[in-house]
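What follows is a single structure, written as structure tokens, with notes after it.
Owing to the predicted nature of the structure, the values given are computational and were not obtained by experimental measurement.
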Amino acid sequence: MSAQKELSSIRNIGIMAHIDAGKTTTTERILYYTGRSYKMGEVHDGNAVMDWMEQEQERGITITSAATTCTWNHHKINIIDTPGHVDFTVEVERCLRVLDGVIAVFCAVGGVEPQTETVWRQADSYHIPRLAFINKMDRVGADFERCLKMMTERLGANPLPLQLPVGKEAEFEGVIDLIEEKMLSFNEQSLGQEVVESAVPDHYREVFTAARMAVLEKLADFDEGVMEKYLEDKPVSVDEMYRALRKATLALEVVPVLCGSAFKNKGIQPLLDSVVKYLPSPADNDFVEGLDRKGEQVERKTGPKEKLCGLVFKLMSDSFVENLAFVRIYSGVLSIGDKVFNPVKKKKEKISKLLKLHANKREEVKKIGAGDIGAIVGLKFTTTGDTLCESGDFVILESMDFPDPVIGVAIEPRSKADESKLIETLDKIALEDPSFTIKTDEDTGQKIISGMGELHLEIIVDRLLNEFKVSANVGKPQVAYKETITRSVTEEGRFEQTTGTAQYGHVVLEVAPLDRGGGFVFSNEVDKDTIPSTFLAAIEKGVKDTLDSGPLIGHPLTDVKVRLTGGSYDDENSTEMAFGVAAAMALRRAGVEAEPVLLEPVMDLEVVTPEEYVGDAISDLNSKRGKVTGIAAENDIQVIKAHVPLAEMFGYSTSLRSATQGRANFSMQFLEYDVVPKAKAEVIIRKIRGI
């Protein structure tokens, strides 16, 4: 097979959706029908192949993205099953970075749910073509048309249904293929393996004709050949429709929509056919862009004969093996024995072992070619987001940004003997999970571990105690507060040391608030006669280091603009250290004078409740400082949207259950940092200071 043909036969896809839409069940069926698995795993039985972690099997949810490879119609499909819970959004983010296409799974009852919106926006930001699979068509309340409408309204998508469901809820029989003009049903005796083709039922003929015309009409907008034939009333061939559909999907103009029921083994084979027909191969992306030594744009063409270029998008460690680094190869070939260069860390790495992964099973291979995904064992310096290229070459692919954690817990070893094991294990977990951080509280000396939500930290603590066998005491969850200032001030810092080695540094800083989410901006407005440019980096570093500890309770200071407006230096005694200390002194003073306030993480909350409990749910939210932003009716349920401080959300599932007799559910995700009301802030500050 030629190199180009081999590239064209690869699909790197992810399966993404809101929690409980059926991603893992869909993946399990794909593995079964492609012959990768010989038994169907079920999430509710705790034996799904892709949910291999003990914590996933206990909870029936996906926590870590699992990778696997299967074959369909002579095409190799690398699949990553991503988590659906908001606490693990970073897992989705780093997988999307290296995928070429995505299957978005929707629940036919729930439609577009909050986490679906989040992952859809992530896929938008990486310009990834998508297929939509409306799952659970057999469930009570399944509504295909409503899902299509929600995709347009909530996601701004352009859904193009390629199938019509035949029957719904318990009567769901199969699907009508709008392009090939036939009905597909799935033999239950063969667990859906046998796909039975038949003519379109007469009572569906009218609906089918209208739906097929709608497909042709939409395709005519994106393909001139189809447009001509459509306007002249000439028949458009199936191949022409496929070609136009692929073109429109790759251009992100449409999202082909299919439907089925993964749990009932219906609709998976047409979904696999669509992956091969419409989603891109590595060959569809001619090149990958990166930066060279000078920070200028550089390209690497896709193909095995080009120079090696790959991106490490995830690290994984467990208690039995060395670090595994998941890698996507964009160009060239990575082989055992190669010496590669990591331009981010400026270190060389030796490739001693390569693997293809099937969830937690591993298969050793000699090489990983262009366009493919695999894993490297035992890299010493490389971390998530690093590029690997040939020795002597230099290209850095675009890295990934990870959000700040919003919640933390204190953790300490049960005995002195456990101390080094705890630190070592926490470092190991932090290396594989960029959204998890560890810091030491300067006042108490305790280790504070922080993450994206309660479940995120619960899983990490569970792994520490059970997988890594570390004995530790864990405190209650704490909110990750931040601090900011509310007015502009100008302060000076002067550091002068006359004893021992003489040192001198003097700066004048103007410190001003930025809009929420502005982060930190530093600018220099003095000429080199006032302060030589050799000291500017030290001044900026002194400012940055001081931002880690704000004036109120020592939490990070954010949304601050710092301008260097004056100062002085001494030809003989000025040093970088002296200017760094002077900058820190000036910023500390400014922080106190600039009327600091406390910021807290606010969550975007969605509560789905029967109509009779709306009042109770809202009054419960009001007691938690929640602001209701909207209420919408969907069928016989009400959807309440609100912004609520994270500090009030601990144990919310219990209070919501009691307010609605267990009939409501909720989902939330981080929205923004906002100012804590003055009275509440005073209570928090007194508590943290121990007053």
Side-chain angles (χ1 to χ4, degrees), residues 55 63-64 83 85-94 314-315 317 383-385 400-413 419 422-465 467-468 470 472-484 517 519-520 544-545 547-550 552-559 598-604 644-652 668-674 676 684-685 687-688:
Q55 292 84 354
I63 290 165
T64 182
H85 195 284
V86 65
D87 283 14
F88 306 104
T89 302
V90 168
E91 273 292 308
V92 185
E93 180 86 29
R94 58 183 174 178
K314 173 180 165 120
L315 291 190
S317 61
T383 53
T384 300
M400 293 166 263
D401 293 324
F402 300 110
D404 293 334
V406 295
I407 185 171
V409 296
I411 190 164
E412 57 189 30
E419 191 169 353
L422 174 66
I423 292 167
E424 190 184 307
T425 309
L426 287 175
D427 287 343
K428 213 177 198 185
I429 294 172
L431 194 65
E432 65 174 77
D433 184 350
S435 61
F436 168 70
T437 61
I438 314 151
K439 70 171 188 174
T440 305
D441 188 304
E442 287 177 10
D443 297 329
T444 62
Q446 279 182 313
K447 287 247 173 294
I448 306 290
I449 58 174
S450 303
M452 301 308 295
E454 277 185 280
L455 181 63
H456 187 198
L457 288 183
E458 187 189 309
I459 299 296
I460 283 168
V461 169
D462 195 319
R463 288 186 69 196
L464 271 174
L465 304 179
E467 185 183 326
F468 292 101
V470 176
N473 296 320
V474 183
K476 287 185 176 169
Q478 305 161 355
V479 173
Y481 292 104
K482 289 187 181 182
E483 300 177 24
T484 192
F520 164 65
K544 270 186 182 167
D545 291 349
L547 290 173
D548 289 343
S549 180
L552 291 172
I553 47 175
H555 282 261
L557 194 61
T558 188
D559 301 341
L598 203 57
L599 298 174
E600 64 183 346
V602 174
M603 310 305 280
D604 192 3
V644 193
L646 176 62
E648 306 290 341
M649 293 306 289
F650 297 127
Y652 179 62
M668 66 176 184
Q669 57 197 31
F670 172 70
L671 175 69
E672 62 184 0
Y673 270 87
D674 203 4
V676 181
I684 295 165
I685 292 165
K687 188 179 173 188
I688 291 176

Which heavy atom of [X] sits nearest to which heavy atom of [Y], and what is that distance?
X	Y	result
Leu422	Glu412	CD2-C, 4.0 Å
Ala480	Pro601	O-CD, 3.7 Å
Gly554	Ser549	CA-OG, 3.5 Å
Val479	Ala647	CG2-CA, 3.5 Å
Ile411	Ala472	CG1-CB, 3.9 Å

**OP:** Dump the intermediate steps for side chain to side chain contact (heavy atoms under 4.5 Å, CB included) on Leu646 and Val602, then the final yes or no.
**Re:** CA-CA 6 Å; Leu646 176 62; Val602 174; over 6 Å; no
**OP:** Using side chain to side chain contact (heavy atoms under 4.5 Å, CB included) as the criterion, point out the one residue from Leu465, Leu464, Leu426, Val461 that pairs with Val470.
**Re:** Leu464
Could you measure the distance from the [atom1] atom of [X] to the [atom2] atom of [Y]? Nearest 0.5 Å is fine.
X	Y	atom1	atom2	result
Glu483	Asp559	CD	CG	12.0 Å
Ile460	Ile429	CD1	CD1	6.0 Å
Leu599	His555	CG	NE2	11.5 Å
Gln478	Leu457	CD	CG	10.0 Å
Lys439	Ile448	NZ	CD1	7.0 Å
Tyr481	Ile553	OH	CD1	7.5 Å

**OP:** Only counting residues at least two apart or in another chain, list the ones meeting ring-ring contact (aromatic ring centres under 6.0 Å, His included) with Tyr652.
**Re:** Phe666
**OP:** State which residues pass ring-ring contact (aromatic ring centres under 6.0 Å, His included) with Tyr673; sequence neighbours excluded, sorted by chain then number.
**Re:** Phe670
Subject >> Derivation of the side chain to side chain contact (heavy atoms under 4.5 Å, CB included) call for Leu671 and Met603 >> reply: CA-CA 5 Å; Leu671 175 69; Met603 310 305 280; 5.9 Å; no
**OP:** Would you check if Ser450 and Thr437 make a side-chain contact, meaning some heavy-atom pair closer than 4.5 Å?
**Re:** yes
**OP:** Measure the shortest side-chain to side-chain distance between Lys482 and Thr558 over non-hydrogen atoms and say whether it is less than 4.5 angstrom.
**Re:** yes
Original post:
So, Lys447 and Thr440: side-chain donor and acceptor under 3.5 Å apart, yes or no?
Top reply: yes
